[in-house]
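Below is one structure, written out as structure tokens; the observations come after it.
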Amino acid sequence: MMTENSHTPSPAERLKACSGVDVQLCYQCGKCTAGCAMAPEMDLPPSFLVRLLQTGSPAAYRRVLESRSIWLCVGCEQCIGRCPKEVDIPRLIDCLRSEAQKEGCVSPEASDIIKFHKSFLGSVKRNGRLGELDLVVEYKLRTLHLFQDVDVAPGMLAKGKLPLIPERIKGKREIDEIFKKSNA
Amino acid sequence: MSKIGVFICHCGENISATVDCARVAQAAAEMEGVAYATDYKYMCSEPGQQLIRQAIREHNLDGVVVGSCSPRMHEPTFRRACAEAGLNPYLCEIANLREHCSWVHEKGEATTQKAIDIVQGLVEKVRRNQPLTPIRVPVTKKALVIGGGIAGIQAALDIANCGHRVILVEKEPSIGGHMAQLSETFPTLDCSQCILTPRMVEVAQHPNITLYTYAEVESVEGFIGNFKATIRLKAKSVDEKKCTGCGLCTTKCPNKKIPGEFNEGLGTRTAIYVPFPQAVPNKPVIDKEHCNYYQKGKCRVCEKFCPTGAITFDQPDQFITEEVGAIVVTTGFRVLPTSFFPEYGYGRYKDVITGIQFERLASASGPTMGEIRRPSDGTVPKKVVFIACCGSRDPAKGIPYCSKICCMYTAKHAMLYQHKVHDGESTVFYMDIRAGGKNYEEFVRRAIEEDKVNYVRGRVARVYERADGKLVVRGVDTLLGAQQVEIEADMVVLATAGVANPGAEELAQKLHISYDPYHFFAEAHPKLRPVETNTAGIYLAGACQAPKDIPETVATASGAAAKVVSLLSQDDLVREPLVAVVNRCAPPVYSTCVGCFLCQTACPYQAIEREEIKDRQGRVIKTVAKVNPGLCQGCGTCVSFCRSKAIDIQGYSNEQMYAEVNALLNHE
């Protein structure tokens with residue numbers, strides 16, 4: 001059983017300040033979940049996730065932070081594209097991800113996903129853009145999934161999709177500036 | 001020897017596809033009493049009607065049978081055509097060859113034969129028809145409005161402003177009804193009293209309106225245009241002419257702890273009282289049940305203090321009779337008694353209140369001057385739970401229908417609470433949000449989005465008091481996968497269902513109007529005649545039909561007023577002469593009525609009177625039945641009850657009907 005309304009501190013207010021999204025706008029029509037490509041994989045489908053946030057209860061908030069869903073979202077923005085009330089779920093999820101990391105309650109099932117994000121950003125930081133091989137190497141080192149998907153590598157190499165030396169961009173300094181500003 | 005014309009219509013192919021119309025006409029021409037018969041493709045068209053008119057003139061016809069569609073469709077058309085040719089319209093009859101024959105049978109010999117039989121029946125009837133003239137009934141140009149809530153006020157003002165006189169009867173000491181009790185109104189948050197009280201004053205001052213408060217309709221007799229209503233004026237114990245409304249008596253009355261009806265029991269009043277400061281008329285009445293003098297025989301304090309000597313004890317109720325042409329019923333509704341759901345603790349916990357009690361708390365004229373305070377200890381509640389559908393949509397314990405207004409007033413209550421208690425938290429338990437109406441959905445969303453009202457979808461199982469004295473509401477959030485929810489509450493507001501008034505059934509029987517299983521008055525047609533009853537001349541408006549919000553109530557009131565005004569704008573009403581008559585072969589002596597008056601007991605419309613037949617010296621020979629043609633609806637019940645066969649319906653006499661049926665049966 002859950003007790004509602006015991007409200008210090010209010011996660012809803014914190015979330016609203018971070019994301020600028022008012023979850024109370026949602027009237028639970030379910031259109032976001034209906035169209036979500038990842039919903040079948042999610043433990044909390046998008047509309048349910050928003051409903052949990054609407055209650056304002058710390059237990060419900062914790063449940064959202066610990067969920068797999070916030071890490072499974074691919075940010076395709078189909079949900080907000082269709083939402084009649086323009087509730088920006090992807091933006092909400094961005095904030096929830098950083099909150100989950102701050103609170104140290106990231107779903108254990110999300111660790112590979114986070115490692116992928118880190119490898120992706122690491123490659124961009126080094127080269128100014130994504131270097132495919134660069135990404136693959138860092139991801140495998142982080143996760144130790146050494147043989148995952150290796151069967152596709154020859155084909156990609158043959159088609160020139162996996163350049164051995166990553167391409168660097170001219171404006172590398174500006175990219176560095178961006179990373180510095182966002183403290184990453 | 002009669003000269004009847006028979007006109008068979010093909011109705012395009014509707015009749016001719018299965019019936020041989022030419023043969024029906026041929027057969028008709030040979031029937032006894034028929035002087036002319038023909039068929040035509042569209043008898044109702046202008047050339048078709050011209051055919052009938054011409055035949056009447058050329059052949060000097062004294063009766064017409066049109067074999068065509070249902071008489072409900074074109075009887076008026078053909079009767080008008082006959083009248084234009086100089087024939088009494090009631091000598092024209094319709095043989096229904098379409099609905100009763102061609103549409104329901106295959107093409108064939110038997111179908112044509114049935115058509116011939118139907119025509120034969122009508123020919124036999126028309127041979128016995130008598131010319132009739134429509135009945136003209138004068139109209140009393142005055143209306144009676146029963147109930148002085150916003151519906152009655154609106155209807156009375158609309159009728160009065162059209163120049164007709166109105167009698168407005170209200171059973172309480174003041175007009176205003178439920179609307180006077182409300183705080184603000186959705187979806188605009190207009191102050192209810194600010195928009196209502198000017199209209200109440202307008203009613204009191206209108207030269208065309210006679211207002212009777214503290215009065216009830218005792219009985220109604222008569223019929224459209226000519227009703228006679230007896231009204232009971234309950235004794236107020238205060239002479240209205242002498243009373244100046246100074247209010248001194250109400251301050252001196254020693255009996256001060258009576259729960260006030262206007263404040264729904266949240267405030268008190270005295271035994272001599274004005275229901276609320278803005279009452280119309282603003283003069284007190286004595287509530288006999290709580291008055292020391294009436295109960296114990298002594299006190300009379302008010303009498304001693306009254307500066308004008310207006311207190312008049314021991315007056316009897318008065319009865320007055322008013323003649324009116326039309327009646328509008330606007331008796332409104334009440335909220336369901338809370339005993340229907342003991343699990344919510346109403347009556348057991350002081351801080352569980354009804355929606356209408358919350359209105360009084362939020363109203364500037366209420367017991368707390370508009371501050372939201374708990375009835376138990378007068379503190380400001382910091383957590384309020386609103387429970388929607390209390391009794392509504394609950395066929396097992398409450399009522400199966402949706403009370404319609406609760407979604408909106410609950411949103412308004414939560415909103416008003418948030419406006420008045422800034423650090424307060426409000427939660428609404430709902431099943432669905434039904435906010436159909438101009439700006440209604442936006443209003444509910446405003447409560448949720450701007451005023452931060454917490455809406456939880458699910459019903460409440462029970463409200464209970466915890467050991468520490470806090471109320472706890474246990475419900476469910478079905479949007480969280482049916483998770484149980486418990487919320488502490490300082491106050492709980494129940495959106496109780498709207499139901500019919502206790503006296504509704506009795507009033508309906510007095511007025512001879514129909515009502516539904518919930519005792520709401522029934523309209524003549526739910527869509528196309530929404531403010532009329534099945535009884536001509538009696539109209540409905542407002543929540544006595546079903547729970548209605550203020551805009552809808554006012555709209556129906558103005559609609560009913562328009563109906564009344566169109567009735568009262570006529571000098572007299574024309575009615576079909578198809579009424580019962582008592583046979584009097586050679587009046588006055590030979591009435592075949594034996595005076596048993598079984599008909600009088602059978603008549604559902606009180607249309608049968610007693611008539612004394614006298615000889616030339618004025619001695620009564622016998623007392624017989626007489627039908628009032630204004631009241632008679634032509635139902636024929638009296639005809640079947642009459643033992644001496646002395647009553648007939650004009651146009652449908654026993655002789656005519658037997659002739660018609662015999663003609664149908666008498667062929668080989």
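Just so it is clear: chains get the letters A, B, ... in the order the sequence lines come, proteins before strands, and each one is counted from 1.
- Counting non-hydrogen atoms of other residues, nucleotides and ligands closer than 6.0 Å to CD of A:Glu86 gives a total of 12 or fewer.
- When the shell of 6.0 Å around CD1 of A:Ile165 is examined, it contains 12 or fewer heavy atoms from other residues, nucleotides or ligands.
- Annotation: residues 19-26 of chain A contacts chain B through A:Asp22, A:Gln24, A:Leu25, A:Cys26 [non-hydrogen atoms, separation under 4.5 Å].
- B:Leu480 and A:Arg51 get closest at one heavy-atom pair: CD2-CG, 3.5 Å.
- In this structure, the salt bridge (charged side-chain N to carboxylate O under 4.0 Å, His left out) partners of B:Arg466, at least two apart in sequence or on a different chain, are B:Asp468, B:Glu488.
- Shown here is A:Phe116, whose CZ atom has no more than 12 heavy atoms of other residues, nucleotides or ligands within 6.0 Å.
- Counted within 6.0 Å of NZ on A:Lys161, heavy atoms from surrounding residues, nucleotides or ligands total 12 or fewer; the atom is thus considered open.
- Close approach to chain B, defined as a heavy atom under 4.5 Å from one of its heavy atoms, is seen in A:Tyr27, A:Gln28, A:Phe48 of residues 27-49 of chain A, taken by number.
- The neighbour count for A:Phe120 CZ, taken as heavy atoms of other residues, nucleotides or ligands under 6.0 Å away, does not exceed 12.
- The number of heavy atoms from other shown groups lying within 6.0 Å of CZ (A:Arg91) does not exceed 12.
- Every pair passing salt bridge (Lys or Arg N to Asp or Glu O under 4.0 Å) that includes a residue from residues 104-119 of chain A is listed here, sequence neighbours excluded: A:Arg68-A:Glu109.
- Dense packing is recorded around NZ of B:Lys397, with more than 12 heavy atoms of other residues, nucleotides or ligands lying under 6.0 Å away.
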